[in-house]
Amino acid sequence: MRIEAVDLAIVRLPLVRPFETSFGRMDARQFVLLALRDASGATGWGECVADADPFYSAETTSTAWDVLSKYLVPPILGRELAHARDLPGVWPPVRGHRMAKAALEMAAWDLQGRLDGRPLGELLGGTVRPIAAGVSIGIQPSAEALIDRVAAELADGYRRIKIKIKPGWDRTPVEALRRRFGAIPLMVDANAAYTPDDAPVLAALDDFDLMMIEQPLDEEDLIRHARLQAALRTPICLDESITGPAAAADAIALGACRVINIKPGRMGGFGPSLGVHATAVAHGLPLWHGGMLESGIGRAHNLHLSTLPGFTLPGDVAASRRYFVPDLIEPPIDVDPNGFIAVPSGPGIGVEPHAGRLRSATLHAETLRP
Ligand code: OSB
Ligand code: MG
């Protein structure tokens with residue numbers, strides 16, 4: 001591939017309903033969208049998962065824009081690359097900024113698939129097949145409101161329910177869901193809202209046979225996660241802490257988790273994700289694919305990676321209509337009555353933005369050329 005131009009846009013899409021977590025409430029998604037234009041006329045798409053605010057992670061839309069336009073995009077402009085996997089080798093030694101790196105790296109993989117005429121999932125080593133889908137449900141105003149949401153998601157076929165928790169909203173919603181829905185596949189995500197002093201509250205959740213507790217403690221606290229895991233029967237799943245293959249290996253060696261949530265958009269792209277996948281599979285840890293409220297572009301990338309064999313649990317990769325109506329892509333991504341999502345077929349990610357919708361959702365755009 002030879003990239004002749006990169007279009008960068010800041011895109012804003014209102015969410016169909018607010019999404020509340022322990023770190024705040026979101027009403028819209030604002031992200032950097034990349035288009036890599038190859039000399040052959042093909043275009044690869046990438047969506048940066050960094051949000052407008054630094055609450056889930058340190059990176060933001062602004063930092064991603066800055067790092068992409070100053071450091072990551074210029075060295076690839078006009079340069080011949082044998083394969084998408086070679087991209088990180090041409091970057092200057094930028095520390096961190098994994099979300100910015102991921103957006104560009106994942107766009108290069110989409111382009112690679114289009115140039116090869118193959119679906120991205122196949123290039124990554126997966127077998128393109130329908131993906132088991134779960135949902136992530138934000139903090140609700142009451143247990144009754146939560147029960148109504150869960151009932152609607154189960155009726156749509158979703159195969160696993162994840163609810164967001166925080167101190168003060170943990171036992172009550174879990175107890176209410178178990179009482180109303182019995183033994184459904186249920187898990188919770190704390191987004192790092194607890195401290196080691198909260199261990200008794202988390203241990204009390206052992207009574208409810210949760211599939212796992214996701215990221216209870218701070219992202220840098222692998223050792224405290226290991227101590228907490230030793231005190232719990234419920235498996236801990238790490239999300240924010242898994243910054244790449246080294247962190248995954250450390251977490252497994254320490255016993256800090258028994259499940260891993262892979263988000264390529266958070267961990268620097270498909271290269272690092274394949275590394276985490278291999279490490280987890282080698283140690284027999286179950287994996288699932290996370291989500292970051294992506295538009296159809298990022299969602300399609302996630303579906304393709306989800307076709308790898310290590311993803312044995314339903315992921316947070318749900319239908320477009322739970323997030324955006326209309327989505328940036330047409331047709332939107334849908335779920336079947338059994339809770340499976342078809343991976344878009346066709347070369348690369350198999351979808352592209354609807355031109356008119358992209359234009360009206362774009363807040364700012366620039367094109368970089370050699
Ligand atoms: O922690 O998994 C998370 C959304 C934004 C940021 C972090 C997370 C989430 C979700 C939603 O849980 C997953 C999705 O439906 O895309
Ligand atoms: Mg999470």
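Order of listing sets the numbers, starting from 1, for every ligand and every atom in it.
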>> Take a 6.0 Å sphere around OH of Tyr71 and say whether it holds more than 12 heavy atoms from other residues, nucleotides or ligands.
In response: no
> Heavy atoms under 4.0 Å from ligand 1: which residues qualify?
Replying inline: Phe19, Tyr56, Ser136, Lys162, Lys164, Asp189, Asn191, Glu214, Asp239, Lys263, Gly291, Met292, Leu293, Asp316, Tyr323
> Do Asp334 and Arg321 come within less than 4.5 Å of each other through their side chains, counting heavy atoms only?
Replying inline: yes
>> Contact between Leu13 and Ser295 at the side-chain level, heavy atoms closer than 4.5 Å - yes or no?
In response: yes
>> Could you check whether Arg85 makes a cation-pi contact with Phe270, meaning its NZ or CZ is under 6.0 Å from the centre of the six-membered ring and within 45° of the ring axis?
In response: no
Would you kindly say whether [X] and [Y] are connected by a side-chain donor-acceptor distance under 3.5 Å?
| X | Y | value |
| --- | --- | --- |
| Asp189 | Gln215 | no |
| Glu352 | Thr43 | no |
| Asp218 | Tyr194 | no |
| Tyr158 | Asn338 | no |

> Does the gap between the ring centers of His304 and Trp109 come in under 6.0 Å?
Replying inline: no
> Protein N/O/S atoms under 2.8 Å of the Mg ion (ligand 2)?
Replying inline: Asp189 OD2, Glu214 OE2, Asp239 OD2
